[in-house]
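Okay, structure first, notes after.
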Amino acid sequence: MSTSLDEIQELIQKLSGELGDMSEAASRHIDDLHVAVNNIASHVLAMEAVIAVMATKVDVSEAEVQNWIREKTAAFAEDSSEGSAAESIATSLLAK
C-alpha cells in the first residue's frame, strides 16, 4: 500500500510542477499580448496624428466621412440611429 501512496505523491508533485509551468507560460503570453496591444495603439495614434494634421490642410467633408463609416459598418451596427465610436473619432480628427 505504501507504494501506491508514493505513486500518488509523485503524481501530485508532477501535476504541481506542470501547473506551475502552465502558469509561467500564461504569464509570458499575457506579457506578449500586452506588448502587441501597446504596439498597435502606438501605430493607431501615429496614424491619427498624421490624418488630423492632413485634415487641417485638405478640405475633408465630415458628412462624407460619416457616411463612409456607416456604409462600412452597417452590417455590424447594433443601432444605426446612434453614432458609432468610429464616427466620434472621425469627428474629433476633423476638428480644426
Side-chain angles (χ1 to χ4, degrees):
M1 183 150 182
S2 85
T3 304
S4 295
L5 289 176
D6 290 342
E7 289 174 4
I8 291 171
Q9 184 175 7
E10 183 180 322
L11 289 172
I12 290 172
Q13 288 174 342
K14 182 178 177 184
L15 177 61
S16 176
E18 289 175 357
L19 288 173
D21 292 344
M22 287 172 54
S23 175
E24 288 176 22
S27 180
R28 282 192 306 274
H29 289 301
I30 289 170
D31 290 344
D32 292 345
L33 181 60
H34 185 256
V35 169
V37 168
N38 280 340
N39 286 340
I40 291 169
S42 295
H43 281 83
V44 169
L45 183 59
M47 289 186 291
E48 285 182 6
V50 170
I51 291 167
V53 170
M54 288 173 58
T56 64
K57 311 268 186 231
V58 177
D59 186 31
V60 177
S61 166
E62 184 177 333
E64 287 181 29
V65 170
Q66 300 297 347
N67 287 336
W68 187 93
I69 291 171
R70 288 185 191 122
E71 288 174 11
K72 296 296 180 186
T73 61
F76 308 106
E78 292 178 16
D79 182 359
S80 60
S81 67
E82 292 185 17
S84 68
E87 291 174 63
S88 297
I89 292 167
T91 299
S92 173
L93 289 172
L94 294 173
K96 295 181 181 179

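Predicted model only: the values in this text are computed from it and were never measured.
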Any chance you could measure [X], atom [atom1], to [Y], atom [atom2], to the nearest 0.5 Å?
X: Lys57; Y: Met54; atom1: NZ; atom2: CE; value: 11.0 Å
X: Leu45; Y: His43; atom1: CG; atom2: NE2; value: 11.5 Å
X: Arg28; Y: Ser23; atom1: CZ; atom2: OG; value: 9.5 Å

[X]: what forms a side chain to side chain contact (heavy atoms under 4.5 Å, CB included) with it, not counting sequence neighbours?
X: Thr91; result: Glu62, Gln66
X: Ala86; result: Ile69, Ser84
X: Ser61; result: Ala63, Glu64
X: Leu19; result: Leu15, Met22

Looking at side-chain heavy atoms only, is the closest gap between [X] and [Y] below 4.5 Å?
X: Glu48; Y: Ile89; value: yes
X: His34; Y: Asn38; value: yes
X: Arg70; Y: Asn67; value: yes

In the hydrophobic clustering (ILVMFWY, side-chain contacts below 4.5 Å, transitive), which residues join Val44, or is it alone?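 Under the 4.5 Å side-chain rule, Val44 groups with Ile40, Met47.
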
In the hydrophobic cluster built from side-chain contacts under 4.5 Å, what are the other members alongside Leu33?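 Taking Ile, Leu, Val, Met, Phe, Trp and Tyr as members, Leu33 shares its hydrophobic cluster with Val37.
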
How far apart are the closest heavy atoms of Val65 and Ala90, and which atoms are they?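 Closest heavy-atom pair between Val65 and Ala90: CG1-CB, 3.6 Å.
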
Quick check: are there more than 12 heavy atoms from other residues, nucleotides or ligands sitting under 6.0 Å from CD of Glu10?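 No, CD of Glu10 has 12 or fewer neighbouring heavy atoms, counting only those of other groups under 6.0 Å.
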
